[in-house]
Amino acid sequence: MPELIEPRTVWLVGAGPGDPDLLTRKAEKLIGAADIVFYDALVGPGVLDMIAASVERISVGKRSGRHSKDQCTICDLIVRAALAGKRVVRLKGGDPAIFGRATEELNACARHGIPIKICPGITAASAAAASAGVSLTLRGEARKLTFITAHARAGERLELDWTHLADPEATLAIYMGKAAAHAVSNELVKAGLSPNTPALIVENASLPNERIVHTRLDLLSIAVGGKIRSGPALLLIGAAVASKPVRPTLPRTVFFAREAMVNERQVPAFTT
Ligand code: SAH
């Protein structure tokens, strides 16, 4: 039987949103078969704990504004490890093919004739919706799901097609959108989306320090400013994400910021 990872090959592996139980079985096997693991800052600590002590592990952590290694350096490190005959696992938060710079790494390996494969992971939008107990689509009302990144390079304006995005029949899943929350809500309302449109912010989805804020489009940036800390956060906007009275299964913090922040009702964290 062929080995799961041959020497001199690379796997781009989705590490999911953080909770190690949300890792695929294949990802777990690949982590167990690697000689070397390169990982991002968003890979959960519980996932990193699965890497055996004998395996080389290299942080190539990138968090917005604090890039510890640039993309070329990361590609170069991966290529060099594979050329040295190692079984390389490149762990990326969520799904490697969603805002994960996967193409750069696929191309770098291809240029050197290094076989590279992808193991998908649970993306932050799926994890955030699951944590909040909502669906990302809604029969008859939200027929479309749009994944966008609201990350603009330092000093650059956020250029998005707001007219197209302000679609009342779509759910918007906005990655890297915390800093742009004000622009996102302003531009969407200007483009015709109702200020009352339900919005949800989930920080650290699937992790013990998860925070969930139910709000609406016109209060998005107030809610981010008031309730969200320094963790990764996903913004969900659209009719489908209106809050439902669900009983959470994890201890966590849930806030409602629907009318105005002054009327905010904090729901005590539930424990199972
Ligand atoms: N490939 C990743 C996305 C990388 S972009 C995926 O598929 O999920 C990084 C952005 O993803 C963060 O800025 C944040 O918007 C979102 N994100 C990643 N992990 C998250 C988490 N646990 N909770 C909330 N948002 C998360």
Side-chain angles (χ1 to χ4, degrees), residues 1-127 130 147 149 151 175-176 204-207 231-232 234:
M1 227 176 67
E3 284 184 79
L4 188 59
I5 320 185
E6 304 284 344
R8 207 181 175 279
T9 59
V10 177
W11 274 85
L12 293 185
V13 178
D19 176 357
D21 284 347
L22 291 179
L23 205 63
T24 62
R25 291 177 67 178
K26 184 156 186 154
E28 188 174 0
K29 287 184 201 160
L30 287 164
I31 292 171
D35 297 318
I36 184 165
V37 176
F38 295 92
Y39 64 95
D40 279 347
L42 288 179
V43 174
V47 174
L48 295 179
D49 285 348
M50 290 177 174
I51 306 170
S54 56
V55 171
E56 213 179 324
R57 62 164 83 183
I58 299 180
S59 162
V60 288
K62 284 193 285 176
R63 283 300 308 275
S64 187
R66 284 176 274 147
H67 285 200
S68 61
K69 289 199 180 13
D70 69 29
Q71 190 56 49
C72 283
T73 310
I74 297 171
C75 290
D76 198 47
L77 287 170
I78 293 169
V79 163
R80 273 198 279 157
L83 290 177
K86 294 186 177 157
R87 298 167 179 85
V88 181
V89 160
R90 166 70 168 112
L91 270 182
K92 287 175 178 281
D95 183 281
I98 297 177
F99 306 127
R101 310 287 301 263
T103 307
E104 287 88 331
E105 294 172 26
L106 291 165
N107 289 346
C109 287
R111 277 197 297 277
H112 289 85
I114 297 163
I116 175 164
K117 289 187 179 173
I118 301 177
C119 173
I122 292 182
T123 192
S126 300
F147 287 17
T149 167
H151 177 69
Y175 290 71
M176 295 174 263
N204 291 316
S206 87
L207 290 164
L234 194 97

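The shown structure was predicted, so the numbers you read here are calculated from the model rather than taken from an experiment.
- Tested against Arg90, the residues Ile74, Ile58, Val37, Val13 include a single side-chain contact (heavy atoms from CB on, under 4.5 Å) partner, Ile74.
- With a 4.5 Å cut-off on side-chain heavy atoms, Leu106 and Ile118 count as touching.
- Of the possible donor and acceptor atoms, one in the side chain of Thr24 sits under 3.5 Å from a partner among the backbone N and O of Ala27.
- Here the NZ atom belonging to Lys69 is positioned 6.5 Å from the OG atom belonging to Ser59, to the nearest 0.5 angstrom.
- For Phe99, the ring pair (Phe, Tyr, Trp, His ring centres under 6.0 Å) test picks out Tyr175, with sequence neighbours left out.
- Side-chain contact between Pro20 and Met50: present, with at least one pair of heavy atoms (C-beta onward) separated by less than 4.5 Å.
- Residues Val47 and Ile31 have side chains in contact (heavy-atom distance under 4.5 Å, counting atoms from C-beta outward).
- Between Leu234 and Ala124, the shortest heavy-atom distance links the atoms CD1-CB, 3.9 Å.
- Here CD1 of Ile114 is found 9.5 Å from OG1 of Thr9. Values are rounded to the nearest 0.5 Å.
- Shortest non-hydrogen contact noted between Ile122 and Leu22 is CD1-O, 3.7 Å.
- Closest of all the heavy-atom pairs between Ala82 and Arg8 is O-CG, 3.1 Å.
- Judged by distance alone, with hydrogens and angles left aside, the side-chain atoms of Lys92 form a donor-acceptor pair with the main-chain N or O of Gly100 at under 3.5 Å.
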Subject >> Candidate pair Thr73 and Asp76, rule side-chain hydrogen bond (donor to acceptor under 3.5 Å, both in side chains), full reasoning >> reply: CA-CA 5 Å; Thr73 310; Asp76 198 47; over 6 Å; no

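- Taking all atoms of both residues into account, the shortest heavy-atom contact from Ala102 to Ala97 is CB-CA, 4.4 Å.
- A distance of 7.0 Å separates NZ of Lys29 from CG of Leu4, quoted to the nearest 0.5 Å.
- Remark: side-chain polar atoms of Asp40 are not paired, donor with acceptor, to backbone N or O of Leu42 under 3.5 angstrom.
- Atom CD in Glu28 sits 9.0 Å away from atom CG in Asp21 (nearest 0.5 Å).
- When all heavy atoms of Ala15 and Leu91 are compared, the pair lying nearest together is CB-CD2, 4.0 Å.
- Distance check, rounded to the nearest 0.5 Å: NE2 of His112 to CD1 of Ile78 gives 12.0 Å.
- Side chains of Trp11 and Lys26 form a contact here, defined as non-hydrogen atoms less than 4.5 Å apart.
- Nearest heavy-atom pair, Gly231 versus Asn204, reported as atom, atom and distance to 0.1 Å: CA-OD1, 3.9 Å.
- Listed for the Thr149 side chain is no donor-acceptor partner under 3.5 Å among the backbone atoms of Met176.
- Residues Leu12 and Cys119 fail the side-chain proximity criterion, which asks for heavy atoms closer than 4.5 Å.
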